[in-house]
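Each remark here refers to the structure printed beneath this line.
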Amino acid sequence: MLGRPFWDLHFPGLAAAACAALAAQFLADHYGAPAMLMAILIGMALHFLGEETRAAPGIDLASRALLRLGVALLGLRISAELVLGLGWPALALILGAVAATIGFGLALARGLGQPGRFGLLTGGAVAICGASAAMAIAAILPAGRREDAERDLAFTVVGVTVLSTLAMILYPVLVQRLGLDARAAGLFLGATIHDVAQVVGAGFSLDQVTGELSTLVKLIRVCALAPVVVLAALVLRRAAEAAPAGPRPPLVPGFVLAFLGLAALNSAGLVPAVVSDAAAGISRWALLTAIAAVGMKTSLPRLMQVGRPALVLLGAETLFLALLVLGGVMLL
């Protein structure tokens with residue numbers, strides 16, 4: 001059990017991160033602002049707490065442990081029936097677009113003089129599920145230069161959330177101009193918009209059928225999170241073995257195993273709906289609190305150091321995914 005010394009050490013920082021998450025959710029509920037974006041911006045405004053001796057341990061714990069908990073619980077939203085229900089051609093398009101976008105991000109990052117890990121971070125966030133994917137991928141990256149890693153994560157979360165919000169507004173207009181039917185529109189919106197909330201907003205702004213289909217497609221993209229993280233962890237482990245000076249990452253991160261195990265339980269029908277719904281709420285709050293904590297550990301001047309190439313990379317990945325999926329939808 002967690003004793004009193006643990007809570008004495010971590011409670012101030014955990015409470016600060018939780019309060020920032022509550023404020024972000026309030027803004028989202030009352031003004032329609034993206035909760036993840038609000039959480040990290042509020043956290044960055046409270047950056048001084050990340051450097052304060054009493055709050056720092058709890059903020060650090062929130063940015064790591066709650067992040068992994070939130071990602072693991074996403075597994076309860078996934079089932080084999082959900083994945084196979086869309087049909088193989090559409091499934092191949094969705095997963096192929098995920099792989100191609102990550103590959104494009106890695107290649108373009110090198111071309112722009114950015115580290116490969118940054119291309120993986122941004123490409124995975126754009127290709128899979130926005131801020132949640134960025135946090136999951138960041139959790140397996142080498143701990144080396146922690147301040148740079150946290151800066152890159154904060155930039156990626158802010159960037160994909162802003163782009164996802166723009167896509168929520170612009171993409172429904174695009175599919176209407178192109179005359180796409182409900183199935184094609186749902187496939188396009190679900191396969192291209194970064195965050196789940198924005199997919200729901202865009203899909204249901206058109207009609208019920210498009211909203212339900214786009215949400216289904218988005219959750220199938222979330223399914224790609226575990227295999228992508230596993231493959232990335234294996235590659236990073238091999239790189240660590242080639243350079244034995246640093247610690248080796250785990251073969252498969254524990255939170256990924258938990259994600260896969262919970263998805264398997266859900267696929268077998270062993271998870272009651274009330275438990276799944278409760279887990280979804282816990283996951284959301286854990287991720288929201290974790291990203292607020294990441295914001296508290298991020299200095300705005302350091303965030304601005306990412307430079308123009310990073311902005312170009314994130315925008316190009318988003319455009320690449322949209323064009324690739326649109327072409328596939330037209331063919332289907």
Side-chain angles (χ1 to χ4, degrees), residues 36 40 60 63-64 67-68 70-71 97-163 194 221 224-256 259 287 290-291 293-295 297-299 302-318 320-321:
M36 284 289 184
I40 199 164
D60 189 58
S63 69
R64 293 181 291 106
L67 184 155
R68 289 164 171 79
V71 173
V98 168
T101 302
I102 294 174
F104 176 78
L106 288 169
L108 185 58
R110 294 191 183 97
L112 293 171
Q114 299 291 313
R117 66 177 183 275
F118 189 62
L120 173 64
L121 182 65
T122 57
V126 168
I128 304 172
C129 54
S132 301
M135 290 189 284
I137 293 169
I140 64 163
L141 293 177
R145 300 178 63 181
R146 177 163 289 185
E147 287 187 356
D148 288 347
E150 289 165 353
R151 177 204 66 191
D152 291 345
L153 174 58
F155 167 81
T156 303
V157 169
V158 171
V160 295
T161 306
V162 170
L163 288 171
H194 309 328
R221 284 169 70 194
L225 180 60
V228 166
V229 172
V230 169
L231 289 173
L234 292 173
V235 171
L236 292 170
R237 182 179 174 86
R238 181 169 296 181
E241 290 173 349
R248 296 179 182 179
L251 186 61
V252 181
F255 71 93
V256 176
F259 178 101
L287 291 174
I291 201 59
V294 168
K297 297 171 67 177
T298 304
S299 165
R302 287 189 62 81
L303 185 65
M304 301 305 292
Q305 292 175 7
V306 293
R308 186 175 299 176
L311 293 170
V312 171
L313 175 62
L314 203 54
E317 289 165 343
T318 299
F320 174 86
L321 177 62

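Residue numbers start at 1 and run along the sequence shown.
Across all non-hydrogen atoms, the minimal contact from Arg221 to His194 is NH2-CA, 4.3 Å. Nearest heavy atom pair, residue Ala127 against residue Thr101, reads CB-CB, 3.8 Å. Here the shortest heavy-atom pairing between Gly105 and Glu317 reads CA-OE2, 3.1 Å. The minimum heavy-atom distance between Val229 and Ala136, with the atom names listed, is CG2-CB, 4.3 Å. Heavy-atom minimum distance, Asp152 versus Thr156: O-OG1, 2.8 Å. Residues Ala134 and Val157 share a closest heavy-atom pair of CB-CG2, 4.4 Å.
The line from CG of Leu313 to CG of Leu112 is 6.0 Å long, rounded to the nearest 0.5 Å. Note that CG of Leu234 and CD1 of Ile140 are 9.0 Å apart. Values are rounded to the nearest 0.5 Å.
When the side chain to side chain contact (heavy atoms under 4.5 Å, CB included) test is applied to Ala100, the partners found at least two apart in sequence or on another chain are Phe320, Leu324. Ala133 meets the side chain to side chain contact (heavy atoms under 4.5 Å, CB included) test with Ile128, Cys129, Leu225; sequence neighbours excluded. Residues satisfying the side-chain hydrogen bond (donor to acceptor under 3.5 Å, both in side chains) test with Ser63, not counting sequence neighbours, are Lys297. For the side chain to side chain contact (heavy atoms under 4.5 Å, CB included) test, residues two or more places apart in sequence or in another chain that qualify with Pro115 are Arg117, Phe118. Partners of Leu106 under the side chain to side chain contact (heavy atoms under 4.5 Å, CB included) rule, at least two apart in sequence or in another chain, are Ile102, Arg110, Leu120. Residues that satisfy the side-chain hydrogen bond (donor to acceptor under 3.5 Å, both in side chains) test with Thr161, not counting sequence neighbours, are absent from this structure.
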